[in-house]
Every structure is written in structure tokens, then in C-alpha cells.
Amino acid sequence: MDLFTDFFLLKDPNVKWVVIAVVLMSSSSAVIGCFTFLRKRALVGDAISHAILPGICLSFLITESKNPFYLLVGAFISGWIGLYLIDYITRNTKIKTDAALGLILSVFYGIGILLLTSIQNSGNAAQSGLDKYLFGNAASMMPSDIKIFGVFSLVLLLLIFLFYDSFKLITFDRNYAAAKGFPVKRLEFLISILTVFAIAVGIQAVGVVLMAALLITPAAAARYWTNDLKIMLILSAAFATVAGISGTFVSYTFPKMPTGPWIVMVLSLLAIFSILLGKRKGILAKWQKSRRVETKMLHENILKCMYHLGEVNSNFLELWSFAEMKDKRSLSSKQLNEGLKKLEKNGLVSIRGKAARFTEKGLEEGRRVTKIHRLWEIYLTKHMQLPADHVHDDAEAIEHLITPEIEKELEHQLEYPLIDPHDSPIPYNNKE
Amino acid sequence: MDAFWIILTGSLVASSCGLLGCFLLLRKMTMVGDAISHAVLPGIAIAYLITDSRASFPMLLGAAIFGIITTMLIEFFSKLGKLQEDAAIGVSFTWLFSIGVILISFFAGQVDLDQECVLYGEIAYVPLQTIILDNGIDLGPEAVWMLGFNLLVVITVIVTGYKGLLVTSFDELLAASLGISTVFWHYLLMSLVSLTTVFSFESVGAIMVVAFLIGPPAIAYLLTDRLPRMLILSVLAGILSAIFGYFLAVGINGSIAGAMASVIGLQFILALFFGPKSGLNILKSNLAKNEKQKISA
Amino acid sequence: MIEHVENPVLELHNLTVTYDNKPAVWNLDYTLPAGKLIGVIGPNGSGKTTMMKAIMGLIKPSSGYIKLFGRDLADVRDKVAYVPQRGSVDWDFPVNVYDTVTMGRFNRKNLFKRINNKDKEIISDAIKKVQLEAFAKRQISQLSGGQQQRVFIARALAQEADLYLLDEPFAGVDAATENAIISLLKEMKQQGKTIVVVHHDLQTASKYFDWLVLINTRLIASGKTEEVFQKEILEKTYGGRLQILTQVAELLKQQGYPVREKKRPKG
Ligand SMILES: Nc1ncnc2c1ncn2[C@@H]1O[C@H](COP(=O)(O)OP(=O)(O)OP(=O)(O)O)[C@@H](O)[C@H]1O
Ligand SMILES: [Mg+2]
């Protein structure tokens, strides 16, 4: 518990700076990740993060120091070479993007591992800690590193802020941007540079192996809450922040634990939470919607059924027993009971024991649905060339969907017909 | 003798991966292979934790379960969640992989499985674990037997199922219209990839498997345009990288698996620039064409 | 203008196929006669490919059904051959012309057996019919568009079917090849085969086909060429979408409505 309060009250000044740096690093990756995600290049991020490893090792071999600035430069260069090669291979050979990505990813990683292990085995005293780049270990960052990475992340965020409008345009409508004279190629190049850069910075916290998650997962999660790019960027940064802090806390508490996997763990849980509950296209939201649709269909079907019963003797306000309704239309007792109860609550029918009758409002509704059904049947015979005995099923579904505007348009186009293809009358409202 | 066993192990991994990888590459599904190889890690870790050994059956079971969970998770994200395919893959495998690493770090010290093994395997230790019969006869390393068995399964399936794999890889629509189940062949291939990943895990780690799955097929693809030849060349490229990789690793005292992957990269570069239909040759033929045009003009 | 026939080779009954709840073809309902060369005509995105795929059981319809030779597809699979749009495969695939045509002889029963001599004869025959003998050993990306299309047709020929469904066999093909293909199709018709061809070019449509099916998401017309090839019908086919239909389709997608209610009501 002490550890917990110590950490979250930021008592240790070192912790404070680590947390700030991690938050900046993760959120800048998450923000640039939104663009990679939306441009459908999520896995490119994965490839680049692996491709960075040899650069780190080589720059260590050359400079013999762990100065984060040199390592960053090395990381950036090899990430860039990886990206260039992916592009080169897909352009100039018959190898497709997915294989080019996988090839660069795994071969660069292999080269990195070869160099890394070779450095480790050479017994160079300064090498300890290079393997932190594999799974990340934020808590053990040096104060000097923290400054550098914090500043770089800030610069990244600032650049994204400055170029926000152009980035947005080329992400959503590349052709339009090109037509409007935007330097699309150069802007895409800039996004790539920023991505490589964000990865080079971010691996401090997450490590090369799982860096892809920091680019993809927050963006994917944010997408379930909003259609607005600005909000998406903010949300995804927020998710990354939560994950970054949690990961740092874990490795602060258990120094042996790498940070990366925990950050990814928290991010993934946030993503799953968003997919289930997200209000834009989350699974729960979709389920609710389909429930609403089903209820609406049931209600309208009951009303229509009562209207049909009433049509027989032109006695629309009669009391119909449940049995009669079920006779007219295949409805289960449960459906009928629940549906009618709800309809009564809405003031469309009144129930007397095992029977129900329309209210004025309900009658109007039943008439409306019947009318749309029959209008649609006419429309189908006219415009889909369907024989009269094929139109019913389609109309059964579409009748629940037609808005008053479309209803008007239908009446107008069909020139206010009087009977449907089965010779049933079209029930117009008295006012019409 | 150790060198021999290590190279043999590497060659067996490379051969199984190289054969399966050809089909992954042609189906444009290499990233799914990548995802599976990462995602079986928690299965392997849990099996290690429960049985505390490298006994292969629980490991296979654990990995098989997580192989299935991966495909289900990707389906969940992309079908139910309507997440775009590449992101669905990315989210799923990073999550599962992180669970695996967390498990391993958490129980570090308790089990004989560490981060290094995950990252680059322990092919150097393969010769140490031999199967010794009761009467004292040494049958050689356990890993060699397991990987040999795996290769046998892979070859058997590819030879007997060649037609099915071919037609579903080339033209799914035709296959389906002929009444051949594309789903069956898809899952057969994916199961073999999972199986191979698990068997190869100890030797080359979870990530380097990808180099063996994609690299040799990509090299072979540049060199030939007939599928049977591509399969053979892919195996050859894999074996070459096992041999040269071993000596490279010894030379600079680094990870053997890493060196093998590096040699794959080198071979690819060679194929890219000196292969029959690529790089320099295209350049040459273009130059020749230009010359001709000049002359005719 | 819909002409129905007795004992149809192909019957579509209220066929609706949706992507994401939005109908790509809507209530197609027609029958096709045997032994004819039939053209399917419609603008881009009008659902021609979708319809062909649904007929071959490659996409599940949202409602309606399809009968081939009066039966379900599963019972008559051997009698139907499908030629997908050329762009649907990766031509860099490491197979040559002969390998590709060979795939036409694959089926569920012989999948684990070797190709036999009779198969080989049929394959060589098919390649000869499309005049690609000289290219039999060539990798398929090293063929012209027209040659690639002929490979696909040879593969279908190798299936020895009675009903052929071809999706845009003339796309990206030069005039000479187009003529060669059309005379091959006519020859097949002489042998009593039925051939359904998705076609784009109105100029040639009336020349090539005995029967036309015109669609634009919905069915516009189906009947003998001389009867349906009229200005009014063509205008309807190419005259853009019906506004109401488009609106309703959009609503279906937005609201997540099924095109059919789950339970079939009595009526
Ligand atoms: N897999 C899919 N997912 C979503 N929508 C699709 C899919 N395939 C086709 N569509 C949509 O369905 C409609 C019909 O497409 P289809 O390919 O059947 O048309 P087509 O008549 O064959 O067109 P073309 O002449 O261009 O080949 C189009 O609006 C298309 O955008
Ligand atoms: Mg089409």
C-alpha cells in the first residue's frame, strides 16, 4: 500500500519525472498511431518497431556509449531503412505488402538480436541495459534520458498539432487533397518520419517487441467512441496515458517486471472494454439497436394484425381476443402479451382480460403500417418487375422502415393508387 | 558433434517453416502466421507452469488452445467489433504475447523458461537434452526428434493435400465453386503453422520463427515461378541459412537463431539483386530494350 | 418486361443479397432457357458479380433461393462452371497455363488422387480450343490480358459443364480475342450448353446474345434480345438508381434492419 501511495502521490521526484516522460511518450505514439490506423497501415508500425533494434545496437557499437541521443539517431536510421526496404520490395518485386512487412520485421529483428547477444557476450561493461529495449523498462530510465525523451515527445505532439489539418485531409481524402494542390507526397513522408520517430522514442517504455500495440490499440479503442478525429486523438492519448502510468507503476513496484507487457495489457483491456461498450459501434450498442428494431417490428405487426381483423367488417374499434389475433398472424403468446402490454402503456390499445382493442391513436398507427405495406407492394410490382405473389415478404420487412417523407414520395410517384396488387384497398387517412 | 546437431535442428525448423511459409506467402497471410507465432506464447508458458517440464504434450495442448483463441480473438475483433483486419491482428497478438511475457516474468526463477528463450530461443542448448534409452543408447537430442516428427507431418500433409492447398490458395472462388471447402484448408494450414511454431519455439524463440516462415519462401518466390520448385528452393534456402548462420554466430559470438535470420536476410538481398527476374537483370533487360528502341528509331 | 420459361436451366426466386444489410441485388426473380447464349447487362456496381457469386453459392443470399436445372446447387455442382472476374486472382501465382487449366479438373472426390490420363486429354483439349498450346508452359503473369482470360475460359471448359457463368470475360481484351472467345462460346452453344455472360458493352450486346438480363440492383428486364433490347428498357437500366430504392437501402444499412423478418408470418 505504501508503494501505491508513494507512487501516485509522486513523492519520489524521480518517479514524478518518469511518469511525466512515460505519459508524454505513450501519448505521442498513440496520437500518431491514430493516423497509421486510419490509413490502414497498422502493421507497418509493427515492422518498423522491430526494424529499429539493429540501429540501437550498431550505434552502441560505434559510439561505445548509451547516450540516448545517439541511440535514437541509430534507431531512427534503421527504422527508416526498414520502411524504405518495405516500400522498395513491394514496388519492385512480385512480393506483396504483407510478406514484405513480415520479412523486414523478422530479419531486422534477427540482425538486432545477433548484434545484441554478441555485444552482451563480449563482456562490455557499459552494455548492461541494452536488453531493456526489448520489453521496455520505464522505471529505470536515467534522469538525463527522461529529459531527452520528454522533449522529443513534446516536439512530436507539437508537430502533429501544427499539421493537424493537412494530416486529417490526406488521411480521409487523399485524392481530394492532391486535387487541391496539397503536397500529399511530402505530407505522407512527414507522417512516416513522425511515426518512425515516435517508435524510436516509445520503445523506451514498451520495447521493440510490443511497440506496435502502442500505435494500434489506443487508436482502435478510441474509434469505438467517436467519429471526430480530434476527439479520437485525445481519447487515444488518454488511453495511452492510463496504460503508461499503470505500466510504470508495476515496474516501479516489481523492478524485475518489464514495463511493456503491462502497458499493452492495460491498453488491450481498455480496447476490449471499448469494443463491448463503445457508443459508436460497440457490440452492446449494436445489440440494443437490434433489440429496438425487433420491438418496433413486433408492435407494428400487432397493430397491423388488429387492423386487418377490423377490415373484415369495417369495424376497427372492436375488441379482438388474443386467440383471434394469433389466428390471423403467427405470433407466440409471449410476444403478443408483452407487445400488447407495451402498446397499452403507449396508449395505442386497451386490454380487457384476454382481448384488446384499438384506441384512436392505435387505429391510426395500424392504418399507417397497412397502407405502407400495400404501397410498397405496388412499388415492387412496378419497379422490381415482381409478380404479385412475390411481393408480400419484402413488404413485411420494409413497412417498418419507411419514413413519412418516403411515404409521401411513394404516394406521389405511384399517383395515389386505390388498390394493392392483391386488390386490397389502400387505407388513406380521412384527411388525405 | 554439437555443431552438427545445432545445424540439423536449425535445418529442420527452416524446412517445416519454409514449406508452410510458401502457402502463407501465396495466400497473403504471412501476418497471420506472425500473429499466431506470438500468440501461442501464453499457452506455452502456462503449460510450463503446470507441468514444470518441457514435456511436449501439455505444451502442444496449451499452444493449440491459444492458437484457437488467437483466431477467435481476431474474428471477434474484425467480425463482431468490425475492426479493420490489420488492426484486429495487431491488437490480438500483442495482447496475447504480453500475457505470455507477464506470466513468464512473474514466475521467473520458478520455471526453466525465461525471456531470452522467448526472444531468441536456446538452440545452443539443444544438444544437451538428449534422449537416452534404458540400455544407455544415446538417441541424440530430443528437439531433433520432435522437429523431425513435425517435418514429417508437414511433408505428408503437403504431398497428399497438394491439390487442395494449391487450388484454395490460387483461386478461392473457383475452389468454392468446385465444392472444395476453403475453410477446411485454411484451418489445416493454420493448425500446421501453430504446431510448427510450438515445436520451433524452444530453438529459435517466438519471434524468429517468423523469419523462417517468410524469409525462405520470399527468396524462393523471387527465383522461380513454379510452385513445386518454390517449395524445394525454400527448403534449400532455409538449410543454407542454418549452416551459414551457425558459423556466423560462432564467429562473432552471438545468438545462433539471430545469425540464421540474418543470413536469410542476406540471401534475400542476393536474390533481389542477382535473381533471374529481378533487380539488376531487369535493369539490364530494360537497358537492352532501350538500346533496341534507339536502333529501331 | 420479364419472360419466364418452362424447365429453366436457372431460376432465381426473389433473390436478395446484402452487404452490411444494404441490398446489392434486390428481389431478382427470373428464369433462363437452356441452350442459349445469355448476356447479363447493367452499369458498374449494379450487382452483376454479386448475383453470379450468389448463384455459385459463394455468398449467402439474405432471402430467396436459386435453382439450377430445377435443383439445388449441391446436387448439380459438376454441371456448372464459373469464371470469376480476371482481377479476382493474383496472376503472380507460381503456376503456368497448364497448371491453371488443370485446376478445372479438381473436385471433391478426386482431390487426393492424381490427375489421370483422361483428365490430361481434356486439359490439353481445352488449351487447344482457346489456342494457347504454345503458351502451355508459361507462367500466367507473362500473358496478355486476353490470353489470361482465355486461360480462365479453358479452365472452365476443362470442367465439362452444361451451364457456364462468365463474369466479364471481355474486360481488357482486344477485339480479335473478343471475336475468338465469342465464336468459341457460340460453338459451345451449338453443343447444347447454356452460357451466361456478364457484359459491359451495349454496342455488341445485341449482336452476341440470344437472351438478355438487365439489372440495376433490381431486375429491369429478362427476355429474348429482340424483345428487350429497346431504348426505354436500356434507359431504365442505365438511368441511375431509383431514388426511393436508394433511400430505403440506406435506411436498411443505417438502422441495421434485416431485409426479411426472422419469422415468416402466415399472411
Ligand atoms: N464485399 C463487399 N462488401 C461490401 N459491399 C460490396 C462488396 N462487394 C460488392 N459490394 C457492393 O455491392 C454493389 C454491387 O457490386 P458488384 O461487384 O456485384 O457489381 P458489378 O455489377 O459486378 O459491378 P462491376 O461492373 O464494377 O463489376 C456495389 O455497390 C459494391 O460496392
Ligand atoms: Mg462485377
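Scope of the values below: all heavy atoms of this structure, side chains included, with no hydrogens, waters or symmetry mates. First the proteins, then the strands, lettered A, B, ... as listed; each starts at 1.
In this structure, A:Lys94 is positioned above the aromatic face of B:Tyr221, its NZ or CZ under 6.0 Å from the six-membered ring centre and within 45° of the axis.
Contact of A:Leu105 with chain B is made through the side chain alone, with heavy-atom distances under 4.5 Å. Using a 4.5 Å cut-off between heavy atoms, B:Met29 contacts chain A through its backbone alone, with no side-chain atom that close. In this structure, chain B has no heavy atom under 4.5 Å from any part of A:Leu215. Proximity to chain B involves both the backbone and the side chain of A:Lys40, based on heavy atoms less than 4.5 angstrom apart. Looking at A:Ile263, there are no atoms closer than 4.5 Å to chain B (heavy atoms on both sides), in backbone or side chain. Neither the backbone nor the side chain of B:Leu266 comes within less than 4.5 Å of any heavy atom in chain A. With a threshold of 4.5 angstrom between heavy atoms, B:Ala259 approaches chain A through its backbone and through its side chain. Contacts of A:Leu134 with chain B are made by side-chain atoms alone, with heavy-atom separations under 4.5 Å and no backbone atom involved. Interface remark: B:Phe76 contributes side-chain atoms only to the contact with chain A (heavy atom separation under 4.5 Å). Both the backbone and the side chain of A:Ile111 come within less than 4.5 Å of a heavy atom in chain B. At a 4.5 Å heavy-atom cutoff, A:Phe254 makes no contact with chain B through either its backbone or its side chain. Residue contact with chain B, scored on non-hydrogen atoms closer than 4.5 Å, involves the backbone and the side chain of A:Leu103 alike. Neither the backbone nor the side chain of A:Arg223 comes within less than 4.5 Å of any heavy atom of chain B. For A:Phe135, the part lying under 4.5 angstrom from a heavy atom of chain B is the side chain only. If you measure heavy-atom distances from B:Asp86 to chain A, the contacts under 4.5 Å come from both the backbone and the side chain.
Between A:Tyr88 and B:Phe273, the angle of the ring planes lies from 30° to 60°, which puts this pair in the tilted group.
Summarising the geometry of A:Ala100 relative to A:Ile95, their closest heavy-atom pair is N-CG2, 3.8 Å, with the distance given to 0.1 Å. Nearest approach of A:Phe37 to A:Ala219, heavy atoms of both residues: CB-CB, 3.7 Å. Taking all atoms of both residues into account, the shortest heavy-atom contact from B:Ser169 to B:Arg27 is OG-NE, 2.9 Å. Across all non-hydrogen atoms, the minimal contact from B:Ala218 to B:Phe268 is CB-CE1, 3.9 Å. Of all heavy-atom pairs spanning A:Ser78 and A:Gly55, the tightest one is OG-N, 3.2 Å. Considering every non-hydrogen atom in both A:Ala220 and B:Leu83, the closest pair reads CB-CD1, 3.8 Å.
Ranked by heavy-atom pairs shorter than 4.5 Å toward chain B, the options A:Pro258, A:Pro54, A:Gly112, A:Ala221 are led by A:Pro258. Ranked by heavy-atom pairs shorter than 4.5 Å toward chain A, the options B:Phe212, B:Phe77, B:Phe97, B:Trp95 are led by B:Trp95. Counting heavy-atom pairs closer than 4.5 Å to chain A, the top residue among B:Val209, B:Ile207, B:Leu25 is B:Ile207. Between chain A and the options B:Ile256, B:Thr94, B:Ile264, B:Ile102, the largest number of non-hydrogen pairs under 4.5 Å is found for B:Ile102. The candidate from A:Thr97, A:Ile216, A:Leu115 with the greatest count of non-hydrogen atom pairs under 4.5 Å with chain B is A:Ile216. Of all the listed residues (B:Ala261, B:Ala87, B:Ser255, B:Ala211), the one sharing the greatest number of non-hydrogen pairs under 4.5 Å with chain A is B:Ser255. Heavy-atom pairs under 4.5 Å with chain B peak, among A:Leu43, A:Val209, A:Ile275, at A:Leu43. Among B:Glu85, B:Met208, B:Gln84, the residue making the largest number of heavy-atom pairs under 4.5 Å with chain A is B:Gln84.
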Worked check of side chain to side chain donor-acceptor pair (under 3.5 Å) between A:Arg41 and A:Thr36: CA-CA 5 Å; A:Arg41 306 192 65 181; A:Thr36 359; over 6 Å; no
Between B:Glu202 and B:Tyr125, does the side chain to side chain donor-acceptor pair (under 3.5 Å) criterion hold? Intermediate values first, please. CA-CA 9 Å; B:Glu202 235 185 293; B:Tyr125 301 137; over 6 Å; no
Run the side chain to side chain donor-acceptor pair (under 3.5 Å) check on A:Ser274 and A:Trp225 step by step: do they pass? CA-CA 7 Å; A:Ser274 305; A:Trp225 298 97; 3.0 Å; yes
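Judged purely by atom type and a 3.5 angstrom limit, A:Gln204 has no side-chain atom pairing as donor or acceptor with the backbone of A:Gly136. A donor-acceptor contact shorter than 3.5 Å links the side chain of A:Ser236 to the backbone of A:Ala30.
Side chain to side chain, B:Asn253 and A:Ser118 fail the donor-acceptor criterion of an N or O pair below 3.5 Å.
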